[in-house]
Amino acid sequence: MTADNHIHTSFSPDGKGNPEDFVLRAIELKLEHVAFTEHADLLYFDPSFQTGDLTAYFAHMRMLKEKYAGRISIAAGLEIGYTNANKTLNAELIKKHRPDYVINSVHEADGSDPYYPQYFVGKTPYEAVSVYLKAVLDSLDAPYEYNAVGHLGYVTRKAPFNDSVYSLRPDLVDEILGKTVAKGKILEINTSGYKSGEVLPPREIILRYAALGGKKLCFASDAHTAQDLCRNYEAARSLAAEAGILCQTAVIGGKESELPF
Ligand SMILES: [Zn+2]
Ligand SMILES: [Zn+2]
């Protein structure tokens with residue numbers, strides 16, 4: 001009995017599928033807990049990627065929690081894309097909706113998203129990675145409560161170079177990991193890019209996190225369809241085991257719980 005702590009449904013601009021289908025798939029997979037984490041990327045530079053109707057989302061989640069009570073634990077969460085410009089708005093959003101779980105992610109740095117080629121134009125690999133990591137470091141001091149650090153190393157997912165984040169800026173990665181440990185935040189292992197051979201954070205960063213005293217990892221498929229729930233779970237589990245961490249940390253009923261990895 002385990003958990004998937006990062007999924008997107010049609011309440012996210014890029015998600016597909018009815019939330020109930022995810023719940024049914026999670027029950028089929030015998031999960032103990034599933035965390036819905038719809039996108040909230042306020043003031044995102046690309047207006048076509050709009051945050052969904054979060055009032056409708058949280059109301060829908062309340063209905064599903066009641067309907068499936070006793071069968072599976074459901075968290076109604078958000079994946080909040082942090083920028084220096086939107087942090088105050090994010091704090092207001094959290095105050096308004098009181099999500100059960102918050103992933104603190106960085107999708108935008110220096111006015112663009114490293115998912116797209118234009119982010120890398122005019123930047124050396126060192127600069128591209130540094131800009132992203134500095135934004136992540138900033139995000140750790142977000143003026144609101146969050147539970148987990150999302151897909152650390154995201155900048156390399158579509159990067160036009162092969163250098164690893166850690167090889168380029170071990171200093172900044174260590175600073176981020178040290179702060180994550182000091183603040184007691186969960187570091188997610190995001191397996192959504194695994195088809196391209198990459199888990200985020202990459203292996204060397206997960207091992208470094210454990211070496212710096214980090215003990216809280218969680219599994220995150222980042223599924224955008226119900227069929228992708230728990231995809232590449234084994235990859236995350238074996239990396240966690242290599243780091244000496246045999247349980248994952250999930251937030252259930254507002255409290256951190258240890259579940260089998
Ligand atoms: Zn994300
Ligand atoms: Zn996501």
Side-chain angles (χ1 to χ4, degrees), residues 3-17 19 22 25-26 33-46 48-52 54 57 61 74-83 86-87 90 93-94 99-109 112-116 119 131-133 135-136 138-140 142 144 146-159 165 176 180 185-196 198-202 205 217-233 235-236 248 250-251:
D4 194 332
N5 299 282
H6 190 147
I7 62 172
H8 300 276
T9 75
S10 52
F11 281 106
S12 287
D14 56 352
K16 290 181 185 70
F22 286 75
R25 178 69 181 143
H33 176 74
V34 66
F36 288 82
T37 54
E38 307 297 355
H39 282 295
D41 288 86
L42 304 178
L43 307 180
Y44 187 66
F45 73 99
D46 178 357
S48 69
F49 192 90
Q50 287 295 328
T51 300
L54 296 180
Y57 162 61
M61 284 296 120
I74 297 172
L78 291 174
E79 179 185 14
I80 297 192
Y82 171 95
T83 64
N86 73 11
K87 62 187 180 187
N90 294 340
L93 191 76
I94 286 177
D100 299 324
Y101 184 64
V102 174
I103 301 171
N104 190 4
S105 291
V106 168
H107 298 128
E108 184 180 340
S112 70
D113 186 332
Y115 192 81
Y116 300 106
Y119 173 83
V131 166
Y132 164 78
L133 289 175
V136 174
D138 238 29
S139 77
L140 299 181
Y144 43 85
Y146 62 93
N147 303 100
V149 177
H151 48 57
L152 178 58
Y154 172 75
V155 66
T156 58
R157 185 170 281 174
K158 301 277 182 182
V165 165
I176 289 166
T180 303
K185 303 300 182 186
I186 302 163
L187 187 69
E188 69 163 32
I189 303 183
N190 188 301
T191 58
S192 64
Y194 194 65
K195 282 181 196 123
S196 57
E198 187 181 38
V199 165
L200 292 177
I205 294 183
L217 292 173
C218 76
F219 170 70
S221 72
D222 211 344
H224 286 62
T225 65
Q227 299 92 288
D228 278 341
L229 212 62
C230 280
R231 73 181 152 178
N232 306 315
Y233 174 79
Q248 66 165 317
V251 177

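Start at 1 and go down the list; that is how both ligands and their atoms are numbered. Here, residue 1 is the first one in the sequence, and each next residue gets the next number. Small disclaimer: the values here were computed from a predicted structure and weren't measured.
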Residues at least two apart in sequence or cross-chain that pass side-chain contact (heavy atoms from CB on, under 4.5 Å) with Tyr144, listed by chain then number, are Ile80, Tyr82, Lys87, Asn90, Ala91, Ile94, Asn104, Ala142

In His8, the N/O/S atom nearest the Zn ion (ligand 2) carries the name NE2

- prompt: Are Asp222 and His151 linked by a side-chain donor-acceptor pair shorter than 3.5 Å?
  reply: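 Per modelled atom types, Asp222 and His151 side chains form no pair under 3.5 Å.
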
Metal environment of the Zn ion (ligand 1), protein N/O/S under 2.8 Å
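Listed by chain and number, the nearby protein N, O or S atoms are Glu79 OE2, His107 NE2, His151 NE2.
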
Rounding to 0.5 Å, atoms CG (Leu133) and OH (Tyr154) come to a distance of 14.0 Å

Q) Got more than 12 heavy atoms from elsewhere within 6.0 Å of OH, Tyr115? A)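 No, OH of Tyr115 has 12 or fewer neighbouring heavy atoms, counting only those of other groups under 6.0 Å.
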
Checklist entry - Got a sec: does the NZ of Lys185 have more than 12 other heavy atoms crowding it under 6.0 Å? => result yes

When Asp228, Asn232, Asn5, Asp4 are each screened for side chain to side chain donor-acceptor pair (under 3.5 Å) with Ser221, the one that passes is Asp4

